[in-house]
Amino acid sequence: MARQWILRGQEGFETSLEYQEGISIPSTQDLAADEVLVKMHAVSLNYRELVIAGPMGINGPINPPLVPGCDGSGIVEAVGPSIRDFRPGDRVVTYIVPGLVDSRGDDALPTITDAINCLGQGHDGTLRSFAVFKETGLSHAPKTLDWLSAATLPCTWLTAWNVLFGLEGKKVGTDSWVLVQGTGGVSIAVLQAAVAAGATVVATTSSDEKASRLKSLGAAHVVNYRTNPERWGEEARKLTRNGRGFDHVVDVGGNETFPQALAAIRVDGVLSVVGHVGDKSAEPVPLFAAMMSTCIVRGILGGTRNHLKELTRFIDEKGIVPAVDAVVFELSEAKDAYRRLKEKKHFAKVVIRVDHEA
């Protein structure tokens, strides 16, 4: 029998998230021609899971009951008759916008209008022991990763890949300087991928303990934003060659951190906006401010399915092991995992082991 979590509504995960056991495993005979049955081994959580569980969600209401979660890794148990790319025994990770591939192909970039149809919002997601996905909702997992690390790829690492390599003419290389904010999933993924590409990475944090961990992952310098809350962007900029600024700045805080990101970026640098985990009451920053920094501002929501395939090859080639939080939860403890994410007690990715093989 299978296990799963469902959202009964959007009153916050403490109220709406419900654990279920004794669920029937989908039958092979019931698979549609383009569907794949996957035994899930691991799941990772994103900030979007907290938002979706709250009032109205990230992009409107859900249709409960809904299995949450968009990131996961597992092994193929069975395939529908038209499946050609996967077979039983294949190790896979999810791609969170399968409908986008169906309509526009593997090179299509997701937009905010696609969010409502992502796994864990418009379709049942990954927080379950067995799942049926469309073929376009899967990709082969890296050969070199265990289940927990592989589960971090679909949203967080795909976003990081798009940040660093998604814009032609601005791809990160050995001469690049990259600034990341904090120790959340996307920031750590960008740090690890940029270091693997030979870039010099500067990271920000609020504690000496986290600074030590950032350096162990390859950060060349770490700036404590709490000791210099109003000018840490300028402080970071001074670390770059001749103080010219960063080729890439990854902003995860939104209005709270955006002014500092603009202070750190170099002329014609790329400032990627990928999150809004900072103070929601911070004064809105007009986009016109980008003109004063003469930079490119790029909003990013994940990446393409082909990006995910490129990322997989890169990870295997470079031998990268995505960082995960020291505390690993079991599927039955998913609500505790949500709490750890909400309270920002984690480092890198919050991960959930679905079975004892993970």
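Hydrogens, waters and symmetry mates are skipped; everything else that's a heavy atom, side chains included, is used.
Residue pairs that meet the side chain to side chain donor-acceptor pair (under 3.5 Å) test with at least one member in residues 251-265, sequence neighbours left out, are Gln181-Asp251, Gln181-Thr257, Asp251-Thr257. The list of side chain to side chain donor-acceptor pair (under 3.5 Å) pairs with a residue in residues 210-227, not counting sequence neighbours, is empty. Note on residues 290-302: pairs passing side chain to side chain donor-acceptor pair (under 3.5 Å), not counting sequence neighbours, are Asn162-Arg298. Within the structure, ring-ring contact (aromatic ring centres under 6.0 Å, His included) contacts touching residues 167-201 (residues at least two apart or in different chains) do not occur.
For Arg87, the CZ atom sits in a loose shell: 12 or fewer heavy atoms of surrounding residues, nucleotides or ligands are nearer than 6.0 Å. Within 6.0 Å of CD on Gln20 lie more than 12 heavy atoms contributed by other residues, nucleotides or ligands. Within a 6.0 Å sphere centred on NZ of Lys309, other residues, nucleotides and ligands contribute more than 12 heavy atoms.
Listed by chain and number, the residues in a ring-ring contact (aromatic ring centres under 6.0 Å, His included) with Tyr338 are Phe13 (sequence neighbours excluded). In terms of the side chain to side chain donor-acceptor pair (under 3.5 Å) criterion, residue partners of Trp161 (sequence neighbours excluded) are, by chain and number, Glu310. For Lys171, the salt bridge (charged side-chain N to carboxylate O under 4.0 Å, His left out) test picks out Glu168, with sequence neighbours left out. By the side chain to side chain donor-acceptor pair (under 3.5 Å) test, Arg305 pairs with Asp106, sequence neighbours left out. Checked against salt bridge (charged side-chain N to carboxylate O under 4.0 Å, His left out), Arg313 has no partners two or more places apart in sequence or in another chain. Partners of Glu343 by side chain to side chain donor-acceptor pair (under 3.5 Å), not counting sequence neighbours, listed by chain and number: Lys345.
Its side chain within the 4.5 Å cluster rule, Met291 clusters with Phe288, Met292 among the Ile, Leu, Val, Met, Phe, Trp and Tyr residues. Ile296 belongs to a hydrophobic cluster with Leu167, Val270, counting contacts under 4.5 Å between side-chain heavy atoms of Ile, Leu, Val, Met, Phe, Trp and Tyr, direct or through other members.
Residues Ile315 and Leu153 are in side-chain contact: their nearest non-hydrogen atoms beyond the backbone lie under 4.5 Å apart. In this structure the side chain of Lys349 reaches within 4.5 angstrom of the side chain of Asp71, judged on heavy atoms. A 4.5 Å side-chain heavy-atom check between Pro26 and Phe130 finds at least one atom pair inside the cut-off. Arg48 is listed as a side-chain neighbour of Cys118, based on a closest heavy-atom distance under 4.5 Å. In this structure, Leu341 and His346 have side chains that are in contact, with non-hydrogen atoms separated by less than 4.5 Å. Two residues are said to be in side-chain contact when any heavy atoms from C-beta on lie closer than 4.5 Å; Leu127 and Leu331 meet this criterion. For the pair Cys295 and Val297, the minimum side-chain heavy-atom distance is below 4.5 Å.
For the atom pair NZ of Lys335 and OG of Ser16, the computed distance is 8.5 Å after rounding to the nearest 0.5 Å. A distance of 11.0 Å separates CG in Leu164 from CG in Asp247, rounded to the nearest 0.5 Å. For the atom pair CD1 of Ile62 and CG of Leu7, the computed distance is 4.5 Å after rounding to the nearest 0.5 Å. Here the CG atom belonging to Asp85 is positioned 10.5 Å from the CG atom belonging to Leu138, to the nearest 0.5 angstrom. Between the CD1 atom in Ile352 and the CE atom in Met40 there is a gap of 10.5 Å [rounded to 0.5 Å]. A distance of 11.5 Å separates CZ of Phe329 from CZ of Arg353, quoted to the nearest 0.5 Å.
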Practice task
Run the numbers on Asp114 and Leu301 for side chain to side chain contact (heavy atoms under 4.5 Å, CB included), then give the verdict.
Solution key: CA-CA 10 Å; Asp114 298 305; Leu301 290 171; over 6 Å; no

Practice task
Before giving the answer on side chain to side chain contact (heavy atoms under 4.5 Å, CB included), spell out for Ser44 and Thr156 the whole-Å C-alpha distance, their side-chain angles and the decisive distance to 0.1 Å.
Solution key: CA-CA 9 Å; Ser44 72; Thr156 294; 5.8 Å; no

Practice task
Check the pair Lys170, Asp268 against salt bridge (Lys or Arg N to Asp or Glu O under 4.0 Å), reporting the backbone distance first and the verdict last.
Solution key: CA-CA 10 Å; Lys170 295 292 183 179; Asp268 205 32; 2.7 Å; yes

Practice task
Would you please test Leu271 and Phe246 for side chain to side chain contact (heavy atoms under 4.5 Å, CB included) and show each step?
Solution key: CA-CA 9 Å; Leu271 198 170; Phe246 290 88; over 6 Å; no

Practice task
List the steps, then state whether side chain to side chain contact (heavy atoms under 4.5 Å, CB included) holds for Ile75 with His41.
Solution key: CA-CA 7 Å; Ile75 193 163; His41 282 262; 3.6 Å; yes

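Salt bridge annotation for Glu330-Arg3: present, with a cationic side-chain nitrogen under 4.0 angstrom from a carboxylate oxygen.
A side-chain donor from one of Gln29 and Ser27 sits under 3.5 Å from a side-chain acceptor of the other. Ser82 and Asp34 share no donor-acceptor pair across their side chains, judged by distance under 3.5 Å alone.
The one candidate from Thr240, Val202, Val201, Val223 that meets the side-chain contact (heavy atoms from CB on, under 4.5 Å) condition with Leu179 is Val202.
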